[in-house]
Amino acid sequence: MLDDLATLDRIDQHGTRRILAEFPTQCRRARTLAATPPPSGARPRLVVVAGMGGSAASGDVLAACGVDRVDVPILVHRDYGLPAAVGRDALVIASSYSGETEEALSAAQTAIARGVPLVAITAGGALAALAVARGLTRVMLPTGLMPRMALGYLLLPALAVLRGCGVEVATAADEDEAVETLEALAGALSFERPAADNHAKQIALEIGARVPVVYAAGPLAGVAYRWKTDLEEFAKTFALAGALPEMNHNEIEAWRTPDAKGLHLVLLRDPAEPPEIARRYAVMRELVEPAAGGLSETWAHGRGRLARLLSLTYLGQWVAYYLAALRGSDPWAVPLLDEMKRRLRGGSP
Ligand code: F6R
């Protein structure tokens, strides 16, 4: 069914697959978007990416790239306001594709009230209006995407802003390699490539009707979480995500339940993972795989960490897309999420 373009057309009413196919091009375009007016360039002591959902995911990638490369902590703040530790020597990046997300707007207002340098990354809305009114540094993104499909636009300008402030979490060469890796993957995962030769379609078929449980280790843990949220939003399924080694100390016990047969393990592996993590995966497979309904294991592509993070994230988006198709759900629409926002704005039930 995943190879039948007429069926995909019927379910995918908004052409989501074309937007996914263009993700590498989006990343290339994103590298040309400039921050205006240019940021002050002062090196922050702390970086905070404030955003929600798809717009917070760029922060997870920045933090994972920076964790053992820069001496500046990068926090992702998914809430109203800002942590008390965020003062004038920090940099806040307010990240909201729509520019209408309450929590991101609240963080931006808090940064302004505390005198914290603030950069807005958005396609419009109240965040863009605030940035213009206050003369804040901003990166204006092209409109018309779902936020979760705009990771290139949300991420690459943020990398450039940080580089401009002396916080180089990824070099221009890392970005080149990441985009080339995505370009190579795009053809291999696209809807035109039959399931027999398409890793994303294969994983979606392996998951089938089960609940996916996605694990990754260390700096890739955020990618497991991103798979979970993409599976939820594209395919409207429950999904779990966990991080090694932490889940070996708690969640592993949950696999003793007979219900585990309804779960599908997805292991996101990193060719650069240290031997102690590889050993944990091997023991976990001995202990957990027999209890699970099924298992898919997949490996990141690319040399640099940015490429490895983005290649696995991109694979996850396609898996979520194909799972949506298998379950007959339009991968674009998020009606409950929209309804939640509408009611919070004062709309009636
Ligand atoms: C929808 C999506 C959501 C949004 C979130 C915040 O595609 O991914 O998770 O990202 O509701 O909205 P924005 O990104 O507009 O700030």
Side-chain angles (χ1 to χ4, degrees), residues 12-20 22-23 26 30 33 48-62 76-82 92-111 118-131 136 138-158 222-239 241 310 313-314 316-321 323-324 329-345 347:
D12 178 6
Q13 292 160 21
H14 295 83
T16 299
R17 63 185 182 280
R18 294 202 176 80
I19 291 166
L20 291 186
E22 282 168 10
F23 181 61
Q26 178 190 133
L33 299 175
V48 179
V49 179
M52 303 303 297
S55 292
S58 58
D60 288 334
V61 178
L62 294 176
V76 186
H77 182 69
R78 293 176 161 93
D79 203 349
Y80 295 86
L82 283 172
V92 172
I93 298 178
S95 175
S96 170
Y97 185 74
S98 65
E100 296 291 2
T101 299
E102 269 187 24
E103 300 91 323
L105 288 167
S106 156
Q109 295 285 9
T110 307
L118 174 63
V119 174
I121 300 185
T122 183
L127 184 59
L130 178 73
L136 300 173
R138 55 198 175 269
V139 181
M140 292 304 302
L141 309 179
T143 55
L145 297 176
M146 276 295 198
R148 66 186 183 281
M149 297 167 205
L151 178 63
Y153 287 138
L154 292 157
L155 172 67
L156 286 138
V223 181
Y225 181 71
R226 177 70 204 227
W227 272 57
K228 165 185 155 69
T229 60
D230 279 336
L231 287 159
E232 289 160 348
E233 290 187 58
F234 283 80
K236 285 79 181 167
T237 174
F238 278 109
L310 289 182
T313 302
Y314 192 38
Q317 293 223 301
W318 276 115
V319 170
Y321 173 86
L323 196 66
S329 144
D330 176 1
W332 178 276
V334 280
L336 274 180
L337 207 150
D338 290 342
E339 180 62 11
M340 179 83 202
K341 290 183 181 180
R342 198 185 66 80
R343 291 200 194 181
L344 285 170
R345 282 195 301 268

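Indexing begins at 1, ligand by ligand and atom by atom, following the structure's order. FYI, side chains are in, hydrogens and waters are out, and symmetry mates aren't considered; it's all heavy atoms of this structure. None of these values were measured; they are calculated from a predicted model. Numbering starts at 1 and runs along the sequence shown.
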Checklist entry - Less than 4.5 Å apart, any side-chain heavy atom of L33 and any of P142? => result yes

Checklist entry - When you measure from atom 7 (O) of ligand 1 to every protein heavy atom, which one gives the shortest distance, and what is it? => result R148 NH1, 2.7 Å

Checklist outcome for this item: Near G53 (heavy-atom distance under 4.0 Å), the atoms of ligand 1 are 9 (O), 10 (O)

Next on the checklist: At less than 4.0 angstrom from any non-hydrogen atom of Y97, what atoms of ligand 1 do you find?
Outcome noted: 13 (P), 14 (O), 15 (O), 16 (O)

Checklist entry - Which atoms from ligand 1 have a heavy atom of M146 less than 4.0 Å away? => result 7 (O)

Next on the checklist: A side-chain contact here means heavy atoms from C-beta on lying under 4.5 Å apart; do R148 and T229 qualify?
Outcome noted: no

Checklist entry - What is the closest protein heavy atom to atom 1 (C) of ligand 1, and at what distance does it sit? => result E233 OE1, 3.1 Å

Checklist outcome for this item: If you scan protein heavy atoms around atom 14 (O) of ligand 1, the nearest is S55 OG, 2.5 Å

Next on the checklist: Within ligand 1, which atoms have a heavy atom of M52 less than 4.0 Å away?
Outcome noted: 5 (C), 6 (C), 10 (O)

Checklist entry - Is the shortest side-chain N to carboxylate O distance from E232 to K228 below 4.0 Å? => result yes

Checklist entry - Donor-acceptor pair, S106 side chain versus G81 backbone, under 3.5 Å? => result yes

Next on the checklist: Would M149 count as a contact residue for ligand 1, given that I'm defining contact as a non-hydrogen atom of the residue lying under 4.0 Å from a ligand atom?
Outcome noted: no

Next on the checklist: Geometry only, no angles: is S95 polar-contacting ligand 1 at N/O separations under 3.5 Å?
Outcome noted: no

Item to check | Aromatic plane relationship, H14 with W332 - under 30° parallel, 30 to 60° tilted, over 60° perpendicular | outcome: parallel

Next on the checklist: Any nitrogen or oxygen of G54, side chain or backbone, less than 3.5 Å from one on ligand 1?
Outcome noted: yes

Checklist outcome for this item: Only one of L127, L105, L154 passes side chain to side chain contact (heavy atoms under 4.5 Å, CB included) with S96, and that residue is L127

Checklist entry - What is the nearest protein non-hydrogen atom to atom 11 (O) of ligand 1, stated with its residue, atom name and distance? => result K341 NZ, 2.7 Å

Checklist entry - Looking only at heavy atoms, which two atoms of P157 and I121 are closest? And how far apart? => result C-CD1, 4.4 Å

Checklist entry - Counting distance only, does the side-chain N/O of H77 pair as donor-acceptor with the main-chain N or O of Y80 below 3.5 Å? => result yes

Item to check | atom 15 (O) of ligand 1 - nearest protein heavy atom and its distance | outcome: S98 OG, 2.6 Å

Item to check | Nearest non-hydrogen protein atom, atom 12 (O) of ligand 1 | outcome: T101 OG1, 3.0 Å

Item to check | Backbone of M149 reached by a side-chain donor or acceptor of Q26 within 3.5 Å | outcome: yes

Item to check | Element-labelled atoms of ligand 1 that are located less than 4.0 Å from some non-hydrogen atom of S96 | outcome: 13 (P), 15 (O), 16 (O)

Checklist entry - Below 4.0 Å from any atom of ligand 1, is there a heavy atom belonging to L337? => result yes

Next on the checklist: If we ignore hydrogens and angles and just use 3.5 Å, is the side chain of K236 paired with the main-chain N or O of D330 as donor and acceptor?
Outcome noted: yes

